[in-house]
There are 2 protein chains.
Amino acid sequence: MTASRTARERVRTELTREIVDIARRQLATAGAGGLSLRAVAREMGMVSSAIYRYFPSRDDLLTTLIIEGYNALGEAVERADAACPRGDHSGRWRAACGAVRDWALAHPHEYALLYGSPVPGYHAPQETIAARVRDVTVFGRIVADAHAAGAAAVRGPAVAPSLAADADRMRELMPGVPDETVFRALAAWSGLFGWVSFELFGQLENAVDERATAFARIVDELGAFLGL
Amino acid sequence: MTASRTARERVRTELTREIVDIARRQLATAGAGGLSLRAVAREMGMVSSAIYRYFPSRDDLLTTLIIEGYNALGEAVERADAACPRGDHSGRWRAACGAVRDWALAHPHEYALLYGSPVPGYHAPQETIAARVRDVTVFGRIVADAHAAGAAAVRGPAVAPSLAADADRMRELMPGVPDETVFRALAAWSGLFGWVSFELFGQLENAVDERATAFARIVDELGAFLGL
DNA sequence: TAAAAATCGAGAGCACCGCTCTTGACAAGC
DNA sequence: GCTTGTCAAGAGCGGTGCTCTCGATTTTTA
């Protein structure tokens with residue numbers, strides 16, 4: 001019963017899979033706002049209303065795409081980090097940052113879906129928020145490892161007391177790291193995604209041409225900032 | 001002729017102005033993708049087709065909104081910077097960064113239009129790219145002034161030779177600043193907008209609660225990074 | 001094995017969108 | 001006063017997300 005699924009169930013998961021794949025392909029060409037259930041149905045040789053048997057609304061399909069996107073990006077970052085020697089913190093930082101940019105350049109519309117402006121009318125459910133931690137976890141581990149090895153020491157004024165709870169929450173991703181380093185890591189992290197977003201969203205047009213080299217320099221700057 | 005405009009011309013510029021204002025108000029409530037020419041026309045008591053006498057397409061209306069947005073943000077940053085003593089570089093940096101965040105929080109959808117994912121199907125014309133420099137100019141001036149005063153000195157490896165042209169172009173905004181400082185400034189700049197985008201686009205949900213205090217800390221970190 | 005229940009695709013339809021084209025009213029300039 | 005240019009209005013095209021009904025098919029139950 002549960003092991004050998006009924007034929008209907010099998011074809012259902014197959015069709016669901018196919019819908020998501022087609023939707024992702026359309027996302028890649030038309031962008032998030034251009035994602036059309038009717039177009040997906042057309043490509044599947046279905047009638048538009050039939051899609052609603054599988055996804056009750058366009059937003060639910062979007063949610064699936066977002067979660068799969070976070071996982072794909074997270075996995076890419078994990079792989080890049082794992083390919084480096086554990087003790088080479090700056091190498092891991094560079095590799096992880098490079099993985100973010102590479103993935104973003106390869107899947108620009110998916111990146112926009114994850115880190116760009118929210119799709120109008122779409123309210124992200126809790127599931128997407130949970131899926132988001134995967135890549136951040138890698139960055140946290142790098143910082144934590146570097147700190148444990150004596151690097152990533154931050155001199156500077158103490159963090160405001162009201163930030164203690166936030167720092168504690170962030171520290172779950174980088175155990176043992178003091179508040180000052182936590183916020184410096186956040187600053188570096190936002191620098192990374194800020195730059196990638198700049199590049200993808202056209203902010204570097206007519207400004208920076210040597211994108212790859214400039215990115216490497218920015219990453220090195222941020223890495224040095226982090227004390228790696 | 002040119003001085004005392006014809007009644008038709010006067011009512012035309014008035015209506016154009018009204019369309020842009022209503023569009024911006026709708027942008028604020030429905031977001032960029034939710035901007036609808038029909039809805040604008042409805043609110044004006046016009047028929048939808050009449051709008052096309054003033055804006056040949058939805059994209060042209062968007063272009064106007066984007067340019068006005070860049071100018072509004074740029075003006076806010078200019079004002080914040082001008083309110084500080086010229087020699088207080090870290091104060092000016094903090095003020096300018098705060099102006100960006102304040103403006104973004106006050107006009108989230110407009111910020112998304114400027115710095116978020118590009119609107120699907122919309123291709124930004126050159127005019128919008130030109131309008132973009134206004135706030136960046138202020139940041140460049142702060143860095144240049146700080147450097148001239150002996151601050152913002154960067155130690156570190158030389159910038160890759162292939163980045164010379166890009167550095168030169170950026171240096172127009174911060175005269176006299178060496179390559180290393182130029183790219184550090186770019187890193188700080190992307191950290192600022194990265195963080196604001198994180199906050200506005202929901203990336204800090206379930207992560208950072210004390211947004212204002214955390215932002216101040218991030219800005220201080222980036223300012224120290226810049227040597228201000 | 002036969003009947004009942006659940007599932008599904010198809011189709012029509014609703015209200016909306018951007019955009020185009022035509023038509024008739026009106027004002028500007030000769 | 002007449003021509004010319006400008007304008008709002010309206011109908012219409014093809015597209016969207018989404019809902020509802022209907023008939024067919026499959027699964028489950030008796």
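Bear in mind the structure is a predicted one, so any value in this text is a computation, not a measurement. Chain naming here is simple, since letters A, B, ... match the order of the sequence lines and numbering starts at 1 in each.
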Please list, chain by chain and in numerical order, all residues satisfying salt bridge (Lys or Arg N to Asp or Glu O under 4.0 Å) with [X], sequence neighbours excluded.
X	value
B:Arg94	B:Asp220
A:Glu110	none
B:Glu18	none

query: Under 4.0 Å: is that the gap between some side-chain N or O of B:Ser49 and OP1 or OP2 of D:dA9?
result: no

message: Measuring to OP1 and OP2 of C:dT7, would you say a side-chain N or O of A:Arg12 lies under 4.0 angstrom away?
response: no

- request: Scan residues 36-45 of chain A against DNA chain D and write down, sorted by residue number, each residue with any heavy atom closer than 4.0 Å; if none is found, say none.
  value: A:Ser36, A:Leu37, A:Arg38, A:Arg42

Near-strand residues of residues 53-65 of chain B, defined as heavy-atom separation under 4.0 angstrom from DNA chain D: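 Contacting residues: B:Arg53, B:Tyr54.
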
query: What does A:Leu35 touch in the nucleic acid at a heavy-atom separation under 4.0 angstrom: a base, only the sugar-phosphate, or nothing?
result: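 Sugar-phosphate, backbone atoms only, no base.
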
query: A:Leu15 near the nucleic acid: base, sugar-phosphate alone, or nothing, with a heavy-atom cut-off under 4.0 Å?
result: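 Here A:Leu15 touches the backbone only, sparing every base.
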
message: Closer than 4.0 angstrom, basic N to acidic O: yes or no for A:Arg10 and A:Glu14?
response: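 Not counted as a salt bridge, because no side-chain N and carboxylate O are separated by less than 4.0 Å.
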
query: Does the separation of the ring centres of B:Tyr115 and A:Phe201 fall below 6.0 angstrom?
result: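 They do not qualify: ring centres at least 6.0 Å apart.
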
Give me each pair satisfying side chain to side chain donor-acceptor pair (under 3.5 Å) with a member in [range], each pair once, sequence neighbours excluded.
range	value
residues 74-84 of chain A	A:Glu75-A:Arg79, A:Glu78-A:Arg134, A:Asp81-A:Arg92
residues 189-208 of chain A	A:Arg101-A:Glu199, A:Tyr111-A:Ser197, A:Gln203-B:Tyr70
residues 48-59 of chain B	B:Ser57-B:Asp60

message: Going by salt bridge (charged side-chain N to carboxylate O under 4.0 Å, His left out), name the pairs with one or both residues in residues 23-34 of chain B, residues two or more places apart or in two chains.
response: B:Asp21-B:Arg24, B:Arg24-B:Glu68, B:Arg25-B:Glu43

Using atom [atom1] of [X] as one end and atom [atom2] of [N] as the other, report the distance to the nearest whole Å.
X	N	atom1	atom2	value
B:Met46	C:dA25	CE	P	19 Å
B:Tyr52	D:dA9	OH	P	15 Å
A:Glu9	C:dC8	CD	C1'	14 Å
A:Ile51	D:dT19	CD1	P	14 Å

- prompt: Quick one: the side chain of A:Arg8 and the base of D:dT27, do they pair up donor-acceptor inside 3.5 Å?
  reply: no

